[in-house]
Amino acid sequence: MRTLLVVALSALMLGNLSTSIAAGEFDGQIKARQAVMQLYAFNLGLLGAMAKGDVEYNAEQANIAAVNLDALANMNIGAMWPQGSHAAANPGLTRAKEENWTNYPAASEKSKAMKEAAAKMASDAGNGLDALRGAIGPVGASCSGCHDTFRAPKN
Ligand code: HEC
């Protein structure tokens with residue numbers, strides 16, 4: 001039983017080792033920040049579908065998505081953006097332009113704009129379709145406002 005456990009553990013560790021050797025230096029951080037972006041998009045997608053009328057407005061669901069987005073926007077994700085993890089140095093793995101680091105104050109302003117828009121959405125989304133519609137423009141604009149400058153185009 002003990003031997004089995006040791007064998008299983010060694011296999012697990014070897015497995016981990018080979019993954020980390022094969023992976024790029026910043027693979028974990030890049031995947032994590034892309035996952036956060038996917039979560040932004042998922043929650044905003046639900047709100048957008050209601051705003052457009054593709055999905056029937058539901059105050060509770062709208063509120064949940066908006067509160068989630070607000071929580072995500074307020075997460076400190078700094079550790080997912082290590083120096084050197086930009087697109088030119090990690091081709092095919094990331095679309096983050098080097099400007100995210102060389103022009104950091106501007107990038108951080110873009111995050112701040114998203115936080116503000118997400119906070120407004122979190123307070124408005126559950127108050128009816130018109131309120132949701134009024135809040136969604138600035139949220140979408142805060143996403144594209146950053147992408148336009150700080151995300152490289154798709155290859
Ligand atoms: C401060 C800048 C900034 C803001 C604000 C921002 N993004 Fe991004 N986004 C990026 C960057 C940079 C990338 C590329 C990340 C990478 O590939 O490492 C990205 C990538 C993405 C991706 C692709 C993720 C993947 O799987 O590769 C999606 C989807 C996305 N963003 C959605 C959003 C949505 C929705 C919002 C607004 C709620 C948003 N982003 C706000 C900078 C931002």
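In listed order, ligands and their atoms are each counted from 1.
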Please could you name the atoms of ligand 1 that [X] approaches to less than 4.0 Å, counting only its heavy atoms?
X      : answer
Ala107 : 1 (C)
Arg33  : 16 (C), 18 (O)
Ser111 : 1 (C)
Gln38  : 24 (C), 25 (C), 26 (O)
Phe150 : 12 (C)

Heavy atoms only: give me the nearest [X]-[Y] pair and the separation to one decimal.
X     : Y      : result
Ala87 : Thr94  : CB-O, 3.3 Å
Leu47 : Leu132 : O-CD2, 3.6 Å
Lys97 : Asp148 : NZ-O, 4.3 Å

Is the backbone N or O of [Y] less than 3.5 Å from a side-chain atom of [X], with the two atoms forming a donor-acceptor pair by type?
X      : Y     : value
Asn90  : Leu93 : no
Tyr40  : Ala73 : no
Trp101 : Trp81 : yes
Asn63  : Ala59 : no
Glu25  : Ser85 : no

Please report whether ligand 1 has a polar contact with [X], defined as an N or O pair separated by less than 3.5 Å (distance criterion only).
X      : value
Lys110 : no
Ser142 : no
His147 : yes
Trp81  : no
Gln34  : yes

Region of Ala35 that comes within reach of ligand 1 [heavy atoms, distance under 4.0 Å]: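 The answer is neither; Ala35 stays 4.0 Å or more away.
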Mind checking whether atom 8 (Fe) of ligand 1 has an N, O or S of Cys143 under 2.8 Å?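 Within the cut-off used here (under 2.8 Å), Cys143 places no N, O or S atom near atom 8 (Fe) of ligand 1.
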Is atom 8 (Fe) of ligand 1 less than 2.8 Å from at least one N/O/S atom of Met37?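 Yes - counting backbone and side chain alike, Met37 has an N, O or S atom under 2.8 Å.
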Taking everything shown except Lys112 itself, do over 12 heavy atoms lie less than 6.0 Å from its NZ?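 No, because the 6.0 Å sphere around NZ of Lys112 holds 12 heavy atoms or fewer from other groups.
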Should one rank Glu109, Arg151, Lys154 by closest heavy-atom distance to atom 21 (C) of ligand 1, which comes out on top?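 Nearest heavy atom to atom 21 (C) of ligand 1 lies in Arg151.
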Report yes or no: does Phe26 have a heavy atom closer than 4.0 Å to ligand 1?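 Under 4.0 Å: no for Phe26.
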What protein heavy atom sits nearest atom 4 (C) of ligand 1, and how far off is it?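 For atom 4 (C) of ligand 1, the nearest protein heavy atom is Cys146 CB, 3.4 Å.
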Identify the closest protein heavy atom to atom 16 (C) of ligand 1: which residue and atom is it, and at what distance?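 Checked against all protein heavy atoms, atom 16 (C) of ligand 1 sits closest to Thr94 OG1, 3.1 Å.
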Just so I know, are the side chains of Val67 and Asn43 near enough to count as touching, which here means a heavy-atom distance under 4.5 Å?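 No. Closest side-chain heavy atoms not under 4.5 Å.
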As an exercise, state the distance from CG of Asn58 to CD1 of Ile64, rounded to the nearest 0.5 Å.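 One gets 8.0 Å once the value is rounded to the nearest 0.5 Å.
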